[in-house]
Amino acid sequence: MSDRVLVVNCGSSSLKYRLVDVAAGEALAWGLAERVGQPSGRLTHHRPGEPPDVVERALPDHGVALGAALEALDRSGPRLADAGLVAVAHRVVHGGDRFSAPVRIDDEVLGAIRELAALAPLHNPVNAVGIDVARRAFPGLPHVAVFDTAFHATLPPAAHTYAVPPQWARDHGVRRYGFHGTSHAFVSRAAAELLGRPLEEVNSVVLHLGNGASATAVAGGRSVDTSMGLTPLEGLVMGTRSGDVDPAVVAHLHRVAGLGPEEVDRALNSSSGMLALAGTNDLREVHRRIDDGDQAAALALDVFCHRVRKYVGAYLAVLGRTDAVVFTGGIGENDPVVRARSLGGLEALGIRLDAERNAARSPGARRVSADDSPVAVLVVPTDEELEMARQTVDLLAR
Ligand code: AMP
């Protein structure tokens with residue numbers, strides 16, 4: 001039987017899971033527990049080609065949510081007891097300076113993940129809760145933490161150092177870490193495969209555009225610059241996050257509007273981005289509103305694409321020679337307008353989109369640039385769970 005890994009991703013009110021067959025590169029089952037900790041919850045369990053198994057019930061905590069997922073696996077299959085499970089992989093958002101690769105979880109590692117909550121207060125504590133409940137559910141299996149930050153451990157000092165008092169960095173960990181690393185790792189490797197060239201030779205700009213969005217400059221498989229920073233707030237415009245703003249905004253709003261730093265932080269993370277500018281964080285709805293003549297939605301899309309274009313230009317300069325610009329994430333994979341608006345008119349920089357290829361809908365990895373474009377433009381569907389499962393199996397084989 002091949003290597004099978006249960007991938008667990010705990011959010012503040014959700015638990016996602018996926019049973020991955022690593023050798024086949026496919027998911028055997030996956031599901032989502034929603035509204036965990038709220039009075040009414042829901043578990044939706046999927047198997048390929050079958051109708052979903054949906055259970056509406058209260059899921060008071062992540063332990064109960066995982067229990068409901070295991071019951072669904074028993075009921076609708078595949079039963080984990082017979083599935084040849086070799087490990088459980090956990091998504092952990094922040095690895096700080098401490099973790100630059102996946103790691104087998106023991107009590108000490110779990111403690112370190114909890115300590116890193118200072119850098120990711122919304123994510124690491126709940127990631128730790130997921131690890132805790134899964135370790136109790138599967139005491140006999142290895143548990144592996146895969147960090148969103150790890151792929152960016154290769155950032156050179158010039159890219160990860162903020163020009164701030166050095167004691168902030170030394171004492172409080174203030175530096176660029178970068179996120180979405182599992183996606184950038186998967187997509188940059190898949191892009192090299194699509195180009196038919198060894199990863200070590202390929203330089204790419206990867207644009208992960210989903211509800212969260214980040215750009216990464218990847219040189220020969222190594223992250224050399226990335227748009228997210230100390231937290232996943234910096235960089236591109238996102239669904240509800242502002243991306244880059246002048247940090248003076250915090251003190252300014254305090255002076256002129258009496259807003260506290262926590263309040264501004266919350267607004268920049270949860271009620272900014274496309275939601276603030278267009279009134280919705282779903283790009284499909286943004287397009288509908290633009291078609292109906294909504295000026296605010298049109299401006300929001302302009303701002304979004306302008307920011308992407310600006311980072312593409314910056315990373316072409318960082319890389320010096322670029323082989324591919326690669327789109328991924330819900331928007332990157334599905335929105336030809338965003339791709340065209342972000343890269344249009346860049347022929348002088350070697351980027352020539354093919355309008356017909358770009359507009360064609362297709363689920364797979366594909367080239368959307370013209371054959372004579374010096375820089376290939378690719379669309380590569382990301383698969384963070386498969387990447388996590390692969391990294392887990394690789395770690396255990398060492
Ligand atoms: P993700 O976070 O990668 O799952 O991406 C989610 C986002 O992708 C949604 O909020 C939408 O804005 C966007 N999205 C999904 N499907 C489409 C589509 N067909 N066209 C444009 N945007 C899409």
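Both counts, for ligands and for their atoms, begin at 1 and track the order of listing.
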Visitor: Rounded to the nearest 0.5 Å, what separates atom NE2 in H46 from atom CG in L19?
Guide: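 One finds 14.5 Å between NE2 of H46 and CG of L19.
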Visitor: Considering only protein heavy atoms, which is closest to atom 12 (O) of ligand 1, and at what distance to one decimal place?
Guide: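 Here the closest protein heavy atom is L283 N, 2.7 Å.
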Visitor: Restricting to pairs with a member in residues 30-41, which pass side chain to side chain donor-acceptor pair (under 3.5 Å), not counting sequence neighbours?
Guide: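 Pairs touching residues 30-41 that pass the test: E34-R42.
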Visitor: Is any NZ, NE, NH1 or NH2 atom of the basic residue among E71 and R57 found under 4.0 Å from an Asp or Glu carboxylate oxygen of the other?
Guide: yes
Visitor: For Q295, does the CD atom sit with more than 12 other heavy atoms under 6.0 Å from it, leaving out its own atoms?
Guide: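 No, because the 6.0 Å sphere around CD of Q295 holds 12 heavy atoms or fewer from other groups.
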Visitor: Of all the non-hydrogen atoms in the protein, which one sits nearest to atom 9 (C) of ligand 1, and at what distance?
Guide: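 Nearest protein contact, heavy atoms only, for atom 9 (C) of ligand 1 is R284 NH2, 4.2 Å.
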Visitor: Would you please test S214 and H184 for side chain to side chain donor-acceptor pair (under 3.5 Å) and show each step?
Guide: CA-CA 9 Å; S214 65; H184 288 295; 2.8 Å; yes
Visitor: Of the protein's non-hydrogen atoms, which lies at the shortest distance from atom 19 (N) of ligand 1, and what is that distance?
Guide: N334 CB, 3.4 Å
Visitor: Looking only at distances, please establish whether an N/O atom of ligand 1 is found under 3.5 Å from an N/O atom of N211.
Guide: yes
Visitor: Any side-chain donor paired with an acceptor under 3.5 Å for H208 and S183?
Guide: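 The answer is yes; a qualifying pair exists.
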Visitor: Please could you name the atoms of ligand 1 that G210 approaches to less than 4.0 Å, counting only its heavy atoms?
Guide: 1 (P), 2 (O), 3 (O), 5 (O)
Visitor: Check whether any side-chain heavy atom of R366 lies under 4.5 Å from a side-chain heavy atom of R357, and answer yes or no.
Guide: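 With C-beta onward as the side chain, the pair stays apart.
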Visitor: Tell me whether atom 1 (P) of ligand 1 lies less than 4.0 Å from at least one protein heavy-atom position.
Guide: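 Yes, there is one.
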Visitor: Give me the nearest non-hydrogen protein atom to atom 11 (C) of ligand 1 as residue plus atom name, then the distance to 0.1 Å.
Guide: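 For this ligand atom, the closest protein heavy atom is D282 OD1, 3.5 Å.
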Visitor: Quick test: of every protein heavy atom, which one is nearest to atom 10 (O) of ligand 1, and how far off is it to 0.1 Å?
Guide: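 It is N281 O, 3.5 Å.
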Visitor: What residue and heavy atom of the protein are closest to atom 14 (N) of ligand 1, and at what distance?
Guide: G330 O, 3.6 Å
Visitor: What residue and atom, counting heavy atoms only, is the protein's closest point to atom 13 (C) of ligand 1, and at what distance?
Guide: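 For this ligand atom, the closest protein heavy atom is I331 CG1, 3.5 Å.
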